[in-house]
Structures are given as structure tokens and as C-alpha cells.
S.K.: 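Structure incoming, see below.
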Amino acid sequence: MCGRFTVKGDPAKVRKNFRLLSIPNLMPRYNVAPTQDIAVVGLGKDGPNLIQMRWGLVPSWSKDPKAGAPLINARADTVAVKPAFREAFRKRRCLIVADGFYEWTGEKEQKQAWYITLASGEPFGFAALWERWRPPAGTQGEPILSAAIVTTDANDAIAHIHHRMPVILDPADHAAWLDPSATPDRLAGFLKPLPSVSVRAYRVGKTVNAVRNDGPECVAPLDAAA
DNA sequence: CCAGACGTTGTT
DNA sequence: GTCTGG
DNA sequence: CCAGACGTTGTT
DNA sequence: GTCTGG
């Protein structure tokens with residue numbers, strides 16, 4: 001699964017990897033948590049554009065955005081048919097800007113966090129969906145743009161940590177993923193685990209556990225050797 | 001036909 | 001334990 | 001995802 | 001929005 005991630009930055013690389021028209025103004029984030037604002041790349045009239053959304057998809061028909069667990073992940077194998085996701089999967093695919101994510105092993109006192117990045121260290125896009133929620137007529141509330149990360153089986157490099165992982169797209173596939181006319185078969189082809197050779201994972205301290213911590217210490221290797 | 005329900009994942 | 005907030 | 005809160009009444 | 005139940 002994927003319940004925390006980073007966008008440490010280098011906005012210039014983000015611009016390059018997502019083919020944005022300008023360098024985005026991104027604050028370095030070391031501990032992005034569900035319900036927080038995230039940077040999402042969608043397909044605008046003039047190409048890819050970056051906007052801010054909330055992590056945790058709220059179905060358009062939801063009566064109350066706070067009702068139910070936040071939909072932070074969507075399984076690749078069912079995203080096309082689940083009521084909460086299928087329409088977004090068909091019409092509102094997007095990329096969530098990141099450069100690493102966390103997974104945990106163990107429980108309670110023995111809980112151990114791991115930090116996973118590309119071997120290249122480059123920023124990347126999670127395959128994601130977005131949705132627009134509007135408050136029902138006559139009720140309080142502001143419209144909410146929200147998104148969920150598609151997950152798939154873990155690759156061999158991180159299977160010892162967790163059996164699921166977020167879908168990370170090859171930049172070469174970004175345009176095709178965002179293409180409104182993409183066929184279901186084509187899309188399914190993108191929703192695969194990243195090759196093991198292209199990821200790195202190492203243990204980190206418990207700083208990341210608390211959402212209030214959002215600095216470089218979150219990604220500091222636990223082992224001196226790492 | 002209309003009314004009303006419908007969120008998900010990963011864990012054990 | 002369960003739910004909420006981040 | 002994890003951390004932390006989560007009590008009610010009656011009275012002023 | 002789409003699907004199910006009546």
C-alpha cells in the first residue's frame with residue numbers, strides 16, 4: 001500500500017519529467033499524509049498542468065466528504081469496475097508528483113518504517129485518479145478536488161517489506177496514461193510493478209511516523225551503512 | 001418507472 | 001477497542 | 001499510513 | 001455518476 005510519501009523537490013526536474021510549461025512552486029515535503037494537499041498533474045488544453053488537490057478521493061456522489069475512510073489507494077485490478085473509481089478511471093486519470101514513499105513492517109513498538117525511491121533519485125508520477133465533489137444544493141461546504149493512488153503487487157525488491165506497492169509510471173508513458181482516448185487494454189498495461197532494479201529501499205527512524213514531522217530527518221537512513 | 005444506495009485497502 | 005486528524 | 005483522542009451531566 | 005430493489 002502507500003500511505004505516506006515525499007516530494008523533496010528540485011522543481012526543475014519535476015518540470016522536465018512531467019513536461020510542464022513552467023517550473024512549479026513546490027515546497028519540499030518529507031512526509032505527505034492522507035487528507036493533505038498534493039501536487040497533481042493532469043492534461044490541460046495546452047498540455048500537462050499541475051494543480052493542487054487533496055489526497056483521499058471523495059466520490060462525486062458522496063453526501064459528506066468526511067464520511068467513510070479516505071480513499072487514498074485504488075487497486076489496479078478493480079479500479080475499472082469499483083463504483084467509487086470507475087468513472088474517474090475512465091475520464092479523470094492523473095499523476096501525483098512524488099520522489100519517494102514509505103512502507104511499514106512490524107507492529108506496535110516494533111514498527112519499522114522503510115523509505116523507497118527510484119535508484120535514479122528522480123521525481124516520478126504515481127498513476128492516479130481524481131474526482132470533483134460539490135456540496136449538495138442548499139448545504140454548506142466548498143468543492144473538493146481529490147485523488148487516489150493506484151496500487152499493484154510489490155516487485156521483488158520490496159516484497160520483503162510489503163506485498164503491495166503504488167504504480168509508478170515511466171515518464172515515457174505519462175502522456176498515454178493521461179490520454180482521454182486511451183483504451184482499457186492500453187491502460188491496464190501501464191498498471192504494473194516497477195522493475196526491481198530501478199528501486200532502492202532502506203530503513204528510516206520513527207520520525208516519519210508522526211505527521212507533524214516533515215523535515216529531512218524523516219528520510220535519514222537508520223543504518224550508517226545505508 | 002422512481003427511490004435510494006453506493007465509498008477502499010490491507011490487515012488479521 | 002474505534003474514530004478522527006494530519 | 002500513524003498518532004492521538006475518545007467521557008457526560010448539571011450547573012454557573 | 002451507476003446500479004439495485006421494489
Side-chain angles (χ1 to χ4, degrees), chain A residues 1-7 27 29-39 52-93 96 98-117 126-137 141 143-154 158-168 180 184 191 193 201 203-215 217-219 222:
Chain A
M1 159 177 237
C2 180
R4 298 284 181 90
F5 66 89
T6 64
V7 200
M27 294 292 292
R29 294 296 312 275
Y30 293 85
N31 196 3
V32 180
T35 74
Q36 294 184 343
D37 283 340
I38 56 178
Q52 191 170 286
M53 291 192 186
R54 173 189 221 247
W55 185 18
L57 186 145
V58 179
S60 62
W61 39 260
S62 177
K63 291 184 178 66
D64 174 7
K66 289 192 170 187
L71 309 178
I72 62 172
N73 293 151
R75 292 181 61 96
D77 53 345
T78 57
V79 67
V81 296
K82 289 281 186 180
F85 298 137
R86 57 193 173 197
E87 198 182 338
F89 177 67
R90 212 184 314 145
K91 303 175 185 172
R92 289 181 293 278
R93 293 178 301 280
I96 293 175
D99 49 24
F101 63 96
Y102 300 96
E103 299 283 2
W104 279 261
T105 56
E107 293 185 3
K108 300 287 181 66
E109 298 300 313
Q110 304 187 15
K111 198 165 286 184
Q112 172 65 60
W114 297 72
Y115 183 53
I116 298 109
T117 66
F126 289 127
L129 325 164
W130 68 273
E131 187 56 270
R132 184 194 309 275
W133 179 86
R134 288 190 172 85
I144 298 174
L145 298 181
S146 61
I149 297 170
V150 180
T151 64
T152 186
D153 297 318
I158 63 178
H160 67 99
I161 301 171
H162 206 71
H163 69 108
R164 305 286 298 170
M165 69 180 291
V167 173
I168 294 172
L191 304 182
R203 304 195 304 161
V204 296
K206 57 188 178 187
T207 301
V208 68
N209 290 14
V211 170
R212 64 177 177 274
N213 299 322
D214 190 24
E217 192 184 336
C218 290
V219 301
L222 195 61

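Naming: A, B, ... by sequence-line order, numbering from 1 per chain.
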S.K.: Reckon A/Asn209 has a side-chain N or O less than 4.0 Å from the OP1 or OP2 of D/dA3?
M.R.: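 A/Asn209 to D/dA3 OP1/OP2: side-chain N or O found under 4.0 Å.
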S.K.: For a quick check of understanding: with a heavy-atom distance under 4.0 Å over all strands, which category does A/Arg75 fall into, base, sugar-phosphate or nothing?
M.R.: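 Sugar-phosphate contact only - A/Arg75 comes under 4.0 Å of backbone atoms but never of a base.
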S.K.: Heavy-atom distance under 4.5 Å between the side chains of A/Phe85 and A/Leu71, does that happen here?
M.R.: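 Counting from C-beta outward, A/Phe85 and A/Leu71 do come under 4.5 Å.
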S.K.: Side chain of A/Arg86, heavy atoms from C-beta onward: which of D/dC2, E/dC3, B/dG10 has the nearest atom to it?
M.R.: E/dC3
S.K.: Just call it for A/Thr35: base, sugar-phosphate, or nothing, with non-hydrogen atoms closer than 4.0 Å on any strand.
M.R.: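 Contact class for A/Thr35: base.
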S.K.: Taking only the side-chain heavy atoms of A/Trp104 (C-beta and beyond), determine which of D/dA3, E/dG1, D/dC1 contains the nearest atom.
M.R.: D/dC1
S.K.: May I ask you to evaluate whether A/Lys111 reaches the phosphate of D/dC2, defined as a side-chain N or O under 4.0 Å from OP1 or OP2?
M.R.: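 Indeed, a polar side-chain atom of A/Lys111 lies that close.
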S.K.: Nearest of D/dC1, E/dG1, B/dT8 to any side-chain atom of A/Trp61?
M.R.: E/dG1
S.K.: Check A/Lys91 with A/Glu87, please: is the shortest side-chain N to carboxylate O separation under 4.0 Å?
M.R.: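 Looking at A/Lys91 together with A/Glu87, the answer is yes, because their closest N to O distance falls below 4.0 Å.
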S.K.: Just compare B/dT8, B/dG10, D/dC1 and give me whichever is closest to any side-chain atom of A/Pro34.
M.R.: D/dC1
S.K.: Partner of E/dT2 by Watson-Crick or G-U wobble geometry, both contacts under 3.5 Å, or none?
M.R.: B/dA5
S.K.: Measure NE2/A/His162 against P/D/dC1 and give the value in whole Å, please.
M.R.: 7 Å
S.K.: Taking the side chain of A/Thr78 as heavy atoms from C-beta outward, which of C/dG6, B/dT8, B/dT9 is closest to it?
M.R.: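 In terms of side-chain proximity for A/Thr78, the closest of C/dG6, B/dT8, B/dT9 is B/dT9.
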S.K.: In terms of side-chain heavy atoms of A/Glu107, which of B/dT9, B/dG10, B/dT12 is nearest?
M.R.: B/dT12
S.K.: Among B/dG10, B/dT12, E/dG1, find the nucleotide with the atom closest to the side chain of A/Glu87.
M.R.: E/dG1
S.K.: Which nucleotide wins on minimum distance to the side chain of A/Arg212, given the candidates E/dG1, C/dG6, D/dA3?
M.R.: D/dA3
